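Data block below; observations after.
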Amino acid sequence: MRQAGFANVLIALATTLALPAPSAAQASRIGPDYDIEMSRMIPMRDSVSLEAWIFKPAHLTGKAPAVLELTQYDIDGARRGEFATFVRRGYVFVQVYVRGRGRSGGEKTDDLGLQVGLDGHDVVEWIAAQPWSDGHVVMYGGSFVGMTQWRTAAQVPPHLSAIAPYVPIYPGWDIPNTNGIPQAWTNVILGYTAGRSLNEGFIQRQDYWYGKMLEQYAAYRPFRELDSAIGIAPDDWWMHGGQGGKASMFKVWLDRVGDEAFNLGAEPKTADYARMTFPVLTATGYFDDDQPGALRYYRNHEAHAPPAAESLSYLVIGPWDHGGTQRPTKTIMGLTIPDAAVLNMSSFQADWDDWILGRGGKPEFFRDKVAYFMLGADEWRYAPSLPAASSGSDATFCLSDAAGTPADVFHSGELVETSPRVQAAAIIVSDPHELPEVSMARYVPDEDLMSQFRDFQKRAIVFHSEPLAHDMEVAGHMRLRLVTEANTPDFDLWAQVLMVLPDGSTIRLGEDIRRARFRDGPFTEELLKPGQIAGIPFEFYWMARRIPAGARLRLTIAPLNSPSYQKNYNTGGRIGYEKIEDARVATIKVFHDAAHPSCLFMPLAAAPTR
């Protein structure tokens, strides 16, 4: 049998050899259209080396521009496969691990500070010095990778030709705290990037990490213990603690809530933006948790960058969440997205890069400095600036309830044009002993933009507008100002605005959370005094939507009492260290009379330009 098989192989080989040789054109199509240099080590100025994977057009003989991602996620192109689009367009695509990841040297503690920008500078200049480089390097990517672009840009590498930060995180501004309230989600990201590889299995096991959050919440454990409960190693993601030794990064940030010098110490400064002579393409979404950071970078750049660079810089903001901005899909958080907003972001980015580098014409999409998608009208609109998308006028809806406190969703208060002259205040009770999220836990994994279950929680107060007589287009940040008085020095509130359609279905327009001690900003801390009347300002994420005639607005306000955030025990004590034994029940008055109006402001959209 063995001899017969060998004879068959010889016959097959002879037949193959007798076939005509492939033509030159056919031969050029054999094999992949790219080459990879794996685990190339790039030296930094302090002798630490970073690991890179370099994707090149197949058999590249000339020089080419490069696209750089400086990342903590992966460098083999597996997560998004974006390298393929750029390589086919003639770019070399370079993915580089930051310190402490993969084979890269150094410590992860440096990856949220100034060091990551210094490393970005050195990587850009290393790329530009390679024999295959034409001297142009553009940076691209989202989330953490968006942040590394801004940090690199602040170092102004001579060969950096452009950056494209999508949904960039802003350490100290939108992570690890929201308006001064520490986020539990931080620990999920620390677990996702624990060690030197990307832990996809961990991030997919929501039953584990959300279950741990819920477990700690239900046991009234101090928030500072959460990283240990989830399993984060204190010597993996660490920082220098108050005594100079290593301490858990989560706990160090928790100890510095409200400390502006610490939180924003590594952000780009005015002088840094003034030296950025290259264009910037910013992208974020209406439902992106890092929209506050993306727009803070964008606004600072717009205000301080040289005019020539700023004139070539653009903002794209659409109906996307954090992941959806990087790769839009037909459904985002349960909401069906119009086809016109489902962009192929890698091709979109390559078109912009081609134009900026003089390799192609200006893409037709970039008709003005800001592109935003008007949901409901389902079209892209354009403005010379973000404020110009708004008319400058608001539709005002003030809280009202004849009895003072609305009973529930079905016996709600009203949203009216003018506050009544005299009305009793609404009362919200914030009791840290209560665990509302335990009863809602079965709904949380499926929560999306159409969910209403939070409007039915025990302590919520709800207000509805009358059905709109006409379509109303809004573009900008919705704002809510509550005039309050409480019997405790601190408290937290959550607010949500829904669009209620005539069939009873809803779509979330925005939500926000606020802590009374940080009512004047995340770095201005002032506890309430007995009898003090204080305004609590809410600002929702920027969005653009046509709200149809017949729809109503629903405003829901409730105590923030969730495992997703550090629980406020209403004592005014040290954040993250309070215990249930310290807890105080807060009785919060929300005034809604003419002398103390509490109102929702809807920014009306500018007329579309044609």
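It should be emphasised that the depicted structure is a prediction, and the values quoted were computed from it without experimental measurement.
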For Asp593, the salt bridge (Lys or Arg N to Asp or Glu O under 4.0 Å) test, sequence neighbours excluded, returns none
Exercise for review: Go through the steps for Tyr166 and Gln349 under the test side-chain hydrogen bond (donor to acceptor under 3.5 Å, both in side chains), then give the verdict.
Suggested key: CA-CA 10 Å; Tyr166 287 32; Gln349 180 63 44; 2.8 Å; yes
Inset, instruction - May I ask you to decide if the ring planes of Phe366 and Trp352 are parallel, tilted or perpendicular, using 30° and 60° as cut-offs? - result: tilted
By salt bridge (Lys or Arg N to Asp or Glu O under 4.0 Å), Asp259 pairs with (sequence neighbours left out) Arg256
Requested in this report: State, yes or no, whether a side-chain contact exists between Ile428 and Pro559 at a heavy-atom distance under 4.5 Å.
Outcome: yes
Quick note, salt bridge (Lys or Arg N to Asp or Glu O under 4.0 Å) partners involving residues 353-363, not counting sequence neighbours, are Arg89-Asp354, Asp354-Arg359
So the salt bridge (Lys or Arg N to Asp or Glu O under 4.0 Å) pairs with at least one residue in residues 467-480 (sequence neighbours excluded) are Arg381-Glu473, Asp394-Arg479, Glu473-Arg546
Those residues at least two apart in sequence (or on a different chain) that pass salt bridge (Lys or Arg N to Asp or Glu O under 4.0 Å) with Glu267 are Arg296
Sorted by chain and residue number, the side-chain hydrogen bond (donor to acceptor under 3.5 Å, both in side chains) partners of His322 (sequence neighbours excluded) come out as Ser143, Asp288, Asp290
Rounding to 0.5 Å, atoms CG (Leu335) and CG (Asp321) come to a distance of 10.0 Å
### Task
May I ask you to decide if the ring planes of Tyr73 and Phe144 are parallel, tilted or perpendicular, using 30° and 60° as cut-offs?
perpendicular
Side chain Ser505, main chain Leu501, donor-acceptor under 3.5 Å: no
- Output field: ring centroids Tyr372/Trp542 closer than 6.0 Å: yes
Heavy atoms of Pro176 and Trp253 approach each other most closely as CD-CE3, 3.3 Å
- Item | Side chain Gln149, main chain Ala164, donor-acceptor under 3.5 Å | yes
Main chain of Leu604, side chain of Ser391: is a donor-acceptor contact present, judged purely on distance under 3.5 Å? yes
Minimal heavy-atom distance between Leu399 and Leu480, with the atoms involved, is CD1-CD1, 4.4 Å
Tell me if a side-chain donor or acceptor on Thr325 pairs with a main-chain N or O of Val167 at a distance below 3.5 Å. no
Shortest non-hydrogen pair, Leu498 vs Ser451, comes out as CD1-O, 4.4 Å
Can you tell if the side chain of Val94 reaches within under 4.5 Å of the side chain of Glu69, non-hydrogen atoms only?
-> no
Across all chains, not counting sequence neighbours, the side chain to side chain contact (heavy atoms under 4.5 Å, CB included) partners of Ile181 are Asp492, Ile513, Arg515, Leu560, Tyr565
Arg327 meets the side-chain hydrogen bond (donor to acceptor under 3.5 Å, both in side chains) criterion, sequence neighbours left out, with none
Residues at least two apart in sequence or cross-chain that pass side-chain hydrogen bond (donor to acceptor under 3.5 Å, both in side chains) with Gln155, listed by chain then number, are none
- prompt: Around Phe365, counting heavy atoms of other residues, nucleotides and ligands shown, do more than 12 lie under 6.0 Å from its CZ?
  reply: yes
Please check if the side chain of Thr336 supplies one atom and the backbone of Thr331 the other of a donor-acceptor pair under 3.5 Å. no
Quick check on Glu447: does its CD atom have over 12 non-hydrogen neighbours (other residues, nucleotides or ligands) under 6.0 Å away?
yes
Output for pair (Leu312 CG, Thr277 OG1), nearest 0.5 Å, gives 11.0 Å
Rounded to the nearest 0.5 angstrom, the CG-CG distance for Leu281 and Asp351 is 11.0 Å
Salt bridge (Lys or Arg N to Asp or Glu O under 4.0 Å) filter on Arg519, not counting sequence neighbours, yields Glu526
When every non-hydrogen atom of Phe55 is compared with those of Gly77, the smallest separation belongs to CZ-N, 4.0 Å
What do the steps show when you test Asn177 against Gln183 for side-chain hydrogen bond (donor to acceptor under 3.5 Å, both in side chains), and what is the final call? CA-CA 5 Å; Asn177 309 309; Gln183 306 158 357; over 6 Å; no
Quiz item: Side chains of Asp272 and Thr270: do they bring a donor and an acceptor to under 3.5 Å?
Solution: no
### Message
I'd like to know whether His464 forms a side-chain hydrogen bond (donor to acceptor under 3.5 Å, both in side chains) with Glu414, so could you lay out the CA-CA distance, the side-chain angles of the two residues, the decisive distance to 0.1 Å, and finally the verdict.
### Response
CA-CA 5 Å; His464 284 103; Glu414 300 174 289; over 6 Å; no
Please examine the side chains of Ser598 and Val483, heavy atoms only from C-beta on, and report whether any two atoms are closer than 4.5 Å.
yes
With no hydrogens and no angle check, is any side-chain donor or acceptor of Thr524 less than 3.5 Å from a backbone partner on Gly521?
no
(Q) Using modelled atom types and a 3.5 Å cut-off, is there a donor and acceptor pairing between side-chain atoms of Thr484 and backbone atoms of Ala534? (A) yes
Heavy-atom nearest pair, Leu509 first then Met543, reads O-CG, 4.0 Å
By side-chain hydrogen bond (donor to acceptor under 3.5 Å, both in side chains), Asp401 pairs with (sequence neighbours left out) none
Closest heavy-atom pair, Asn263 versus Gly258, reported as atoms and distance to 0.1 Å, is ND2-N, 4.3 Å
How far apart are the C-alpha atoms of Tyr297 and Tyr170, what are their side-chain angles, what is the distance that settles it, and do they pass the ring-ring contact (aromatic ring centres under 6.0 Å, His included) test?
-> CA-CA 8 Å; Tyr297 288 120; Tyr170 204 119; 4.1 Å; yes
- side-chain hydrogen bond (donor to acceptor under 3.5 Å, both in side chains) evaluation trace for Glu82 with Tyr140: CA-CA 10 Å; Glu82 298 154 317; Tyr140 164 66; 3.2 Å; yes
Of Pro420, Pro597, Pro406, the one forming a side chain to side chain contact (heavy atoms under 4.5 Å, CB included) with Ser400 is Pro420
So do Leu386 and Leu295 actually touch side chain to side chain, heavy atoms under 4.5 Å?
yes
Inset, instruction - Could you check if a side-chain atom of Met276 sits within less than 4.5 angstrom of a side-chain atom of His301, using non-hydrogen atoms only? - result: yes
| field | Mutual orientation of the aromatic rings belonging to His592 and Phe463 [parallel < 30°, tilted 30-60°, perpendicular > 60°] | value | perpendicular
inquiry  = Can a donor-acceptor pair be found, under 3.5 Å and without considering hydrogens, that links the side chain of Arg554 to the backbone of Met499?
reply    = no
Practice task
Output yes when a side-chain donor or acceptor of Thr148 lies under 3.5 Å from a complementary backbone atom of Val145, and no otherwise.
Solution key: yes
Notebook entry, point to check: Do any N or O atoms from the side chain of Thr178 and from the backbone of Asp174 form a donor-acceptor pair under 3.5 angstrom?
Noted result: no
So the salt bridge (Lys or Arg N to Asp or Glu O under 4.0 Å) pairs with at least one residue in residues 336-347 (sequence neighbours excluded) are Lys330-Asp339
